[in-house]
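Order of listing sets the numbers, starting from 1, for every ligand and every atom in it.
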Amino acid sequence: MIEIQNAGKSFKGMTAVKDLTIQVKKGEILGLLGANGAGKSTTINMLLGFLEPDSGKVSINQLDTFRRAHEVRKMIGYIPENVNLYPYLSGVENLDYFCRLAGLKYTKAELEVFLLGCGLQKGAHHKKVSGYSKGMRQKVGIAIAYAKKAQVYLLDEPASGLDPLASNELSDLLKKLAAEGATIVMASHDIFRVREVCHRIGILKNGCLVKELRSEEVSANELEKLYLNFMQN
Ligand SMILES: Nc1ncnc2c1ncn2[C@@H]1O[C@H](COP(=O)(O)OP(=O)(O)OP(=O)(O)O)[C@@H](O)[C@H]1O
């Protein structure tokens, strides 16, 4: 369970996140929408324990994400917009390498099951990652988190630059992970994708949560109107 309670963060006197309170339960997907500079990445960086909030509390499973960063990060899978992998290693070799770094050793067959479970087709498993599309690299990134048995997935702009099919596959994968009990936060500019994949949506503006709603409460068009209204006023 993710708990952000009245968290604030400024950089050189400039507010990035202000009095932010959000909870995300096990099995839930929260989408964070907001314009450039709204505070989405700062929120994710506080959850990752890279940034200490100036005020308030940020915790995952009741552990302070900054003070207990080492323990907290073991529970987290972080998937940035561009997943960094070793280009001259295959998908299986990358997964094996990152699992070993985390102290986990799996057989080749087990690694392949993780990759398949995250949607990477068998034919790609032993090909060099340098030839992978962005969507394929993302699947490996998620497989790394999955193999680490991450309880929390934090995704920053995951659908950006993905073609509709890859983006749709990513949505299905996130829904599957949530159904298995993962807690997921996804920062995005993609209103339609967020509406489609997330259970709840938070709209950030100038570091403040200006609106929180359940996806089922609005159609994609209504969400877009609502979002634009907040951005313009
Ligand atoms: N390390 C930093 N040093 C100084 N200012 C920062 C730093 N990180 C973020 N900021 C500022 O904090 C504010 C919020 O930035 P943040 O990156 O969290 O927004 P965002 O919603 O993720 O934006 P984007 O959609 O462009 O990624 C911005 O004004 C940004 O310039």
Neighbouring residues of ligand 1, heavy-atom cut-off under 4.0 Å
F11, M14, A16, A35, N36, G37, A38, G39, K40, S41, T42, E157, H189
Can you list everything that forms a salt bridge (charged side-chain N to carboxylate O under 4.0 Å, His left out) with E196? Sequence neighbours excluded, please.
K175, R193
I'd like to know if the side chain of Q232 and the backbone of N229 have a donor-acceptor N/O pair within less than 3.5 Å.
no
Any salt bridge between E81 and K134, counting N to O under 4.0 Å?
yes
What's the verdict on side chain to side chain donor-acceptor pair (under 3.5 Å) for D156 and S41, showing C-alpha distance, side-chain angles and the deciding distance?
CA-CA 7 Å; D156 208 347; S41 300; 3.0 Å; yes
Given salt bridge (Lys or Arg N to Asp or Glu O under 4.0 Å), test E224 with R195 step by step and report yes or no.
CA-CA 10 Å; E224 186 181 36; R195 155 77 184 55; over 6 Å; no
N45/L48 under side-chain contact (heavy atoms from CB on, under 4.5 Å): CA gap, chis, key distance, verdict:
CA-CA 5 Å; N45 282 325; L48 282 163; 3.9 Å; yes
